[in-house]
Amino acid sequence: MDKSVNTKGGVRVRMAPSPTGTLHVGTARTALFNYLFARHHKGTYVMRIEDTDRERSDKKLEENITEGLKWLGLEWDEFYRQSERMGVYEQYLRKLLEEDKAFYCWHTKDELQVEREKQMKSKEAPRHICSYRDEDIRDEKEKIKRSIIRFKNNTRGDIEFTDLVRGKVKFDAQNLGDFSIARSINDPLYNFAVVVDDNEMQITHVMRGEDHISNTPRQILILEALNWERPQYAHIPLLLGSDKSKLSKRHGATSVSEYKDMGYLPAAMFNFLALLGWHPKDDEKEIMNKEQIIEEFMISDVQQSGAIFDIEKLNWMNANYIRSLKLKEFRQLCMPYLENANLIDKKTDNDWLEKILGMEQERIKKLSDIVDAVKFIFEDINYNSELLIWRKSDKKDAAEQLRELNAIIEKIDEKNWNKDELEKIIMPHAQEKGDRGRVLWPLRVAVSGKKASPGPFEIMEVLKKKKVLSRIDNAIKKLQ
Ligand code: GLU
């Protein structure tokens with residue numbers, strides 16, 4: 001199977017999203033593969049908004065897509081919008097009509113439906129072989145108004161191409177029928193506009209989702225009719241949910257913007273998406289930065305089977321990237337979430353905040369987790385008194401330990417209020433009891449209200465003396 005990639009004369013690839021929905025993670029992955037291929041081969045990465053469907057295209061969605069791609073770091077070298085190129089498509093539609101390679105078809109929707117049902121009954125491929133294909137209606141304005149433009153498909157036999165991911169692919173040309181290419185002379189359909197643009201933009205490699213593979217033979221027929229050269233094709237397997245069906249809302253968030261809002265880092269998302277269906281040859285590495293991925297990306301290493309979007313793996317990877325952030329950067333990224341939750345405001349001291357966030361940086365999976373993680377520092381805590389009791393101990397003992405602690409803590413000077421000092425004073429006291437948990441467990445629960453939290457001394461440092469004493473008092477009351 002010859003899947004050799006031809007990159008002679010330079011590589012030009014394109015990303016061609018339709019602004020009819022928000023940026024789907026699958027589209028982002030396709031964009032990423034195009035980007036990686038272009039950067040690896042020092043080629044050009046073109047961005048083309050496919051907005052010829054005026055009814056379904058939306059500027060806001062276009063913005064969501066471009067913002068999402070920029071956020072991921074997939075900057076393009078050239079940018080086009082199909083709606084601004086309508087004259088170009090018209091020119092080539094006219095050419096095909098004049099050369100008798102395309103024609104007007106005025107069959108009604110109902111007529112086409114009847115034809116389709118008949119074909120289904122006799123188990124034939126649904127297609128339209130048009131009885132108007134040889135009629136010349138150039139001068140019949142009324143008929144033209146009711147018509148769409150179809151490609152006159154005279155090809156017999158197989159249309160073959162070599163896909164860089166799937167190898168040899170072929171389709172029976174006859175099954176395509178006389179397929180539609182435009183709603184009217186100034187309203188081209190996807191298959192037509194794509195071919196014109198890929199040629200005009202000198203695209204060398206067409207890399208897109210596998211769902212477009214059945215469009216490829218149609219596009220090949222159009223470009224051959226226009227005497228244009230074929231690009232190389234690579235159809236990338238779809239993303240699947242955990243149950244191996246096509247990834248959809250049912251499986252959770254599917255938009256890049258949703259992941260951004262939840263606090264996944266762009267570098268983690270970049271890394272994660274790159275490894276969906278691709279892996280560097282002979283290498284088990286998982287955490288790779290942008291440069292490494294560009295360096296190692298080979299289209300021939302893209303797998304043929306669908307790739308599972310495993311949220312657990314994304315969480316693991318994101319946690320890795322979060323851990324490696326500098327504390328200041330981590331704080332800056334967390335602040336919008338904390339502000340939104342009204343936990344902090346403009347007056348909040350940054351050094352203090354960094355101490356709080358530093359306790360959780362190792363523990364959270366995504367930035368939005370920070371709100372629940374640190375809420376207990378800012379807001380009153382509420383927990384079940386049972387939680388204060390250490391293993392085989394009881395309410396009475398827990399209350400006793402907390403009373404003793406209160407007496408010790410009262411005496412600590414606020415000037416020495418930091419976790420090392422607190423540890424130095426409280427630890428020996430806990431050791432004396434033989435079982436440190438008897439002291440440290442109720443203390444930690446009293447100040448955090450949680451079953452799992454950072455250690456008691458770190459929490460006490462940021463809560464400061466007054467709040468610590470009042471929380472311990474509250475705990476003692478709960479135990480009575
Ligand atoms: N506009 C098409 C889409 O969003 C692009 C397909 C292609 O890359 O040719 O699926």
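Residues take their numbers from the sequence shown, with the count starting at 1. First listed ligand is number 1; within each ligand, the first listed atom is number 1.
Between the side chain of R133 and the backbone N or O of N153 there is at least one donor-acceptor pair closer than 3.5 Å.
Every protein residue with a heavy atom nearer than 4.0 Å to ligand 1 is included here: R14, A16, P17, S18, E50, Y190, R208, H212.
Relative orientation of the W228 and Y92 rings is perpendicular, given thresholds of 30° and 60° on the angle between their planes.
Annotation: F309 is in aromatic contact with Y259 [ring centroid separation under 6.0 Å].
Ion pairing between a basic and an acidic side chain is recognised when a charged N comes within 4.0 Å of a carboxylate O; D58 and K60 show no such pairing.
Every pair passing ring-ring contact (aromatic ring centres under 6.0 Å, His included) that includes a residue from residues 321-357 is listed here, sequence neighbours excluded: W352-F378.
Judged by distance alone, the side chains of R183 and T52 never bring a donor and an acceptor atom under 3.5 Å apart.
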